[in-house]
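To start, the structure under review is shown below, and the notes come after it.
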Amino acid sequence: AQSVAQPEDQVNVAEGNPLTVKCTYSVSGNPYLFWYVQYPNRGLQFLLKYITGDNLVKGSYGFEAEFNKSQTSFHLKKPSALVSDSALYFCAVRVSGTYKYIFGTGTRLKVLA
Amino acid sequence: NAGVTQTPKFRVLKTGQSMTLLCAQDMNHEYMYWYRQDPGMGLRLIHYSVGEGTTAKGEVPDGYNVSRLKKQNFLLGLESAAPSQTSVYFCASSYSPVGAAALGTGELFFGEGSRLTVL
């Protein structure tokens, strides 16, 4: 079965420090991977995606993600965290051969001032 | 630009009642989705549609029905609500970027959510 795992329920980081939110996947065929962010009482917003090409993908708000095929990972990163980055982050994968997207369980990011 | 609009935003039902959630998008997207979000479980796909007049089951379709009579609208129905359907429901839409190699690789655009409580 195709799936996405986010192994950390919560990540705490100090403002100004680099942050990483982890995601691993299991898919057949080419993986199409996505990151979304959710602020309290809001819908999800798209951050970035990997479809093909360069393994380092840059997205909105200074976020980037590194696709690693051998480790089946797609970790979200940012060089310098802001308090305003505190939110719930979801990794998602498009199921091969379909138009369905499967989401991880989410990681809550807390950036401490 | 409204994007994806969900109505209603909040609803309280009694067990056994029925209701319909409406999703409307103004981006001319082909694909539309209904997800439910529950604590610790992320988002789970209920039903989706790849075009007007078509629907398909997702991961957790039981107890729900959907219809896509118009391209811009995707309705989610609960015929006989149960407490287990208490959740936050999100509608999303998507597109296929130009080019055969990129079919189905557009990102999802989400509505603001509909919070449903079943007593």
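Numbers restart at 1 for each chain; the letters A, B, ... are given by sequence-line order, proteins then strands. Just the heavy atoms: all of them, side chains too, but no hydrogens, waters or symmetry mates, feed the values below.
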Taking the six-membered ring for Trp, are [X] and [Y] parallel (under 30°), tilted (30 to 60°) or perpendicular (over 60°)?
X: Phe103(A); Y: Tyr36(A); value: tilted
X: Tyr50(A); Y: Phe67(A); value: parallel
X: His29(B); Y: Phe109(B); value: tilted

Part of Leu48(A) lying under 4.5 Å from any heavy atom of chain B: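 Looking at Leu48(A), nothing touches chain B.
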Heavy-atom distances under 4.5 Å only: say whether Gln45(A) touches chain B with side chain, backbone, both or neither.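 It is neither, since no heavy atom gets under 4.5 Å.
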Scored by heavy-atom pairs under 4.5 Å with chain A, the best of Val88(B), Leu43(B), Asp38(B) is Leu43(B)
[X] versus chain A, the contacting section by heavy-atom distance below 4.5 Å:
X: Gln6(B); answer: neither
X: Leu108(B); answer: both
X: Arg115(B); answer: side chain

Donor-acceptor side-chain pairing of Ser73(A) and Asn68(A) below 3.5 angstrom: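 The criterion, which ignores hydrogens and geometry beyond distance, is not satisfied for Asn68(A) and Ser73(A).
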Between Tyr64(B) and Arg36(B), is there a side-chain donor-acceptor contact under 3.5 Å, judged purely by atom types and distance? yes
